[in-house]
2 protein chains.
Amino acid sequence: MELNKKRSDCPLSGSLDVFGDKWSLLIIRDLMFGNKCTYNDFLKSDEGIATNILASRLKGLEENGVIEKTAHPDSKAKFLYRLTPKGIDLLPMIMEIYIWSDKHYEMPAELKATIKEAKKDKDKFVKQITKELKTKMTEKKQ
Amino acid sequence: MELNKKRSDCPLSGSLDVFGDKWSLLIIRDLMFGNKCTYNDFLKSDEGIATNILASRLKGLEENGVIEKTAHPDSKAKFLYRLTPKGIDLLPMIMEIYIWSDKHYEMPAELKATIKEAKKDKDKFVKQITKELKTKMTEKKQ
DNA sequence: AAATTTGCTTGCTAAATGCAAGTACAAATA
DNA sequence: TATTTGTACTTGCATTTAGCAAGCAAATTT
């Protein structure tokens with residue numbers, strides 16, 4: 001893929017090389033909030049990602065240490081994708097995107113309420129979700 | 001361009017339609033921290049954006065209300081690009097990207113120090129930079 | 001054993017990107 | 001006044017990436 005293609009020393013540019021496209025953050029969103037964790041789960045998301053693009057993005061995110069791919073406990077045909085701690089650390093940034101979007105665009109009412117809650121104490125919200133995600137991580141291990 | 005191409009009702013997906021590519025946020029970075037404000041300034045950035053891509057990104061960001069294009073006070077041949085309030089509001093998100101990057105990658109020492117400062121009191125940092133950017137906005141008007 | 005599901009891969013086509021060159025206008029210099 | 005330089009683009013063309021449909025092997029279900 002786009003491995004080792006550092007465009008500059010800027011950390012922002014480096015970060016965009018990891019998730020700066022139209023799809024990667026949507027996969028991460030699905031892992032964070034959508035209770036999705038398999039290839040087919042991601043395929044079924046509203047945006048309609050193409051199957052080859054999904055495969056390539058999953059590979060890229062895994063190579064960059066944002067997600068990890070493990071055996072699915074229910075079936076040998078399936079894989080289970082989950083966020084690594086590095087991936088979970090993207091939560092504050094994603095939260096800020098939602099907050100920005102809330103300020104400048106229309107918003108589903110239910111999400112609006114959640115964002116309002118989150119804004120009241122960002123750190124608390126981040127810690128809470130992070131804890132939930134890390135719990136989910138460990139509970140399925142082995 | 002990719003106008004009116006809403007892929008879903010998700011605000012994250014909508015935001016990615018505005019700045020979810022490898023270049024848009026770099027232009028915004030240059031406007032926020034790089035003291036850059038003309039076409040040629042952006043062209044000269046380290047990442048080496050192609051001139052047609054730059055033109056198309058500037059157009060897209062303007063159409064989406066993130067930047068605005070005005071006459072340059074020094075020369076009729078130049079234009080001056082600047083962030084709108086909506087564009088300035090992207091600062092918290094960009095800050096979180098820097099923080100994430102700082103946690104998981106190497107970092108130029110000087111930037112590292114700035115980020116350490118910013119993390120101490122995020123709100124304060126955002127307010128300070130926002131104020132500076134808004135001042136810059138008004139001081140050149142007329 | 002046959003049909004279905006899962007996580008992909010493979011073609012093929014359309015769109016986006018990147019580079020080099022060119023254009024039109026403005027300002028500065030000779 | 002003529003020429004050169006700089007600015008903001010546009011155009012053309014080759015390369016890369018994206019998107020859709022179909023296929024495929026292994027595993028699971030019927």
Side-chain angles (χ1 to χ4, degrees), chain A residues 1-8 13 16-27 30-31 35-64 67-82 140, chain B residues 1-8 13 16-27 30-31 35-64 67-82 140:
Chain A
M1 283 274 94
E2 66 266 355
L3 270 179
N4 310 328
K5 276 189 196 170
K6 240 191 158 186
R7 292 180 290 170
S8 75
S13 145
L16 292 175
D17 290 337
V18 174
F19 55 76
D21 66 89
K22 293 251 187 294
W23 297 107
S24 296
L25 286 180
L26 298 182
I27 297 173
D30 288 349
L31 284 163
N35 254 35
K36 304 187 176 186
C37 55
T38 67
Y39 192 88
N40 243 301
D41 288 342
F42 305 133
L43 263 192
K44 278 180 279 185
S45 284
D46 284 346
E47 291 84 9
I49 188 170
T51 172
N52 57 336
I53 303 295
L54 176 56
S56 117
R57 289 303 178 276
L58 288 172
K59 195 181 164 197
L61 289 172
E62 197 192 356
E63 284 171 352
N64 283 304
I67 65 173
E68 58 185 5
K69 180 184 182 177
T70 57
H72 197 290
D74 299 348
S75 157
K76 281 178 189 168
K78 281 191 200 178
F79 291 95
L80 200 149
Y81 296 92
R82 66 158 77 101
K140 301 231 173 169
Chain B
M1 283 274 93
E2 64 267 359
L3 268 179
N4 311 326
K5 275 189 198 168
K6 240 191 158 186
R7 292 179 292 172
S8 76
S13 144
L16 292 175
D17 290 337
V18 175
F19 56 74
D21 66 89
K22 293 250 187 293
W23 297 107
S24 295
L25 286 180
L26 298 183
I27 296 171
D30 287 349
L31 284 163
N35 253 37
K36 303 189 177 185
C37 56
T38 67
Y39 192 89
N40 243 300
D41 288 342
F42 304 133
L43 263 192
K44 277 180 279 185
S45 284
D46 283 347
E47 291 82 10
I49 189 170
T51 173
N52 57 339
I53 303 295
L54 175 58
S56 116
R57 288 304 178 277
L58 287 173
K59 195 181 163 195
L61 289 172
E62 197 193 356
E63 284 171 353
N64 283 304
I67 64 172
E68 58 184 6
K69 179 185 181 178
T70 57
H72 197 290
D74 299 348
S75 157
K76 282 178 190 169
K78 280 190 199 176
F79 291 95
L80 199 149
Y81 297 91
R82 65 159 76 102
K140 301 231 173 169

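Protein chains get the first letters and strands the later ones, always in sequence-line order, with residue 1 at the start of each.
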query: Should B:D17 and A:K22 be marked as a side-chain contact (heavy atoms from CB on, under 4.5 Å) after you check the CA-CA gap, both sets of side-chain angles, and the distance that decides it?
result: CA-CA 7 Å; B:D17 290 337; A:K22 293 251 187 294; 3.7 Å; yes

message: Whole angstroms only, please: what is the CG-P distance between A:D21 and C:dT17?
response: 11 Å

query: Between A:H72 (NE2) and C:dG7 (C1'), how many Å, whole number?
result: 12 Å

- prompt: To the side chain of B:A50, which of D:dC9, D:dA8, C:dC19 is closest?
  reply: C:dC19

- prompt: Closer to the 5' end of DNA chain D via nearest nucleotide, is it A:T51 or B:D41?
  reply: B:D41

message: I'd like to check A:L54 versus A:I27 (side-chain heavy atoms, cut-off strictly below 4.5 Å). Are they in contact?
response: yes

task: Please evaluate the base of D:dG19 for a donor-acceptor partner in the side chain of A:N52 within a cut-off of under 3.5 Å?
output: yes

message: Both B:A55 and B:K44 contact DNA chain D. Which one's nearest nucleotide lies toward the 5' end?
response: B:K44

message: Base, sugar-phosphate or nothing for B:F79? Non-hydrogen atoms, less than 4.0 Å.
response: sugar-phosphate

- request: Specify the separation, in whole Å, of atom CG of A:L54 and atom P of D:dC20.
  value: 13 Å

message: For D:dA18 and A:W23 - does any side-chain N or O of the residue sit under 4.0 Å from the phosphate oxygens OP1/OP2?
response: no

- prompt: Got B:Y81 and B:K69 here, is their nearest side-chain heavy-atom distance under 4.5 Å?
  reply: yes

message: For B:A77, is there any backbone N or O sitting under 3.5 Å from a side-chain donor or acceptor partner on B:S75?
response: yes

message: Applying a 4.0 Å non-hydrogen cut-off, can you work out what A:T38 is touching in the nucleic acid: base, sugar-phosphate, or nothing?
response: sugar-phosphate

message: Rounded to whole Å, how long is the line connecting atom CD of B:E47 with atom P of C:dG18?
response: 12 Å

- line: Rounded to whole Å, the CD-C1' distance (A:E62 to C:dG7) equals 13 Å

query: A:K22 has an atom NZ; how far is it from atom P of D:dT17, in whole Å?
result: 16 Å

All N/O pairs under 3.5 Å across the protein-nucleotides 27-30 of chain C interface:
unit_1 : atom_1 : unit_2 : atom_2 : d
C:dA27 : OP1    : B:K76  : N      : 3.4

- request: Can you tell me the distance, in whole Å, between the CG atom of A:L43 and the P atom of C:dT6?
  value: 10 Å

- prompt: For A:E47, does its backbone N or O pair with a side-chain atom of B:S8 as donor and acceptor, under 3.5 Å?
  reply: no

message: Quick one: does any side-chain atom of A:Y39 pair with a main-chain N or O of A:T51 as donor and acceptor, under 3.5 Å?
response: yes

message: Ignoring hydrogens, what is the shortest heavy-atom contact between B:I49 and B:F42? Give both atom names and the distance.
response: CG2-O, 3.9 Å

statement: Between CG of B:L58 and P of C:dT17 the distance, given in whole Å, is 14 Å

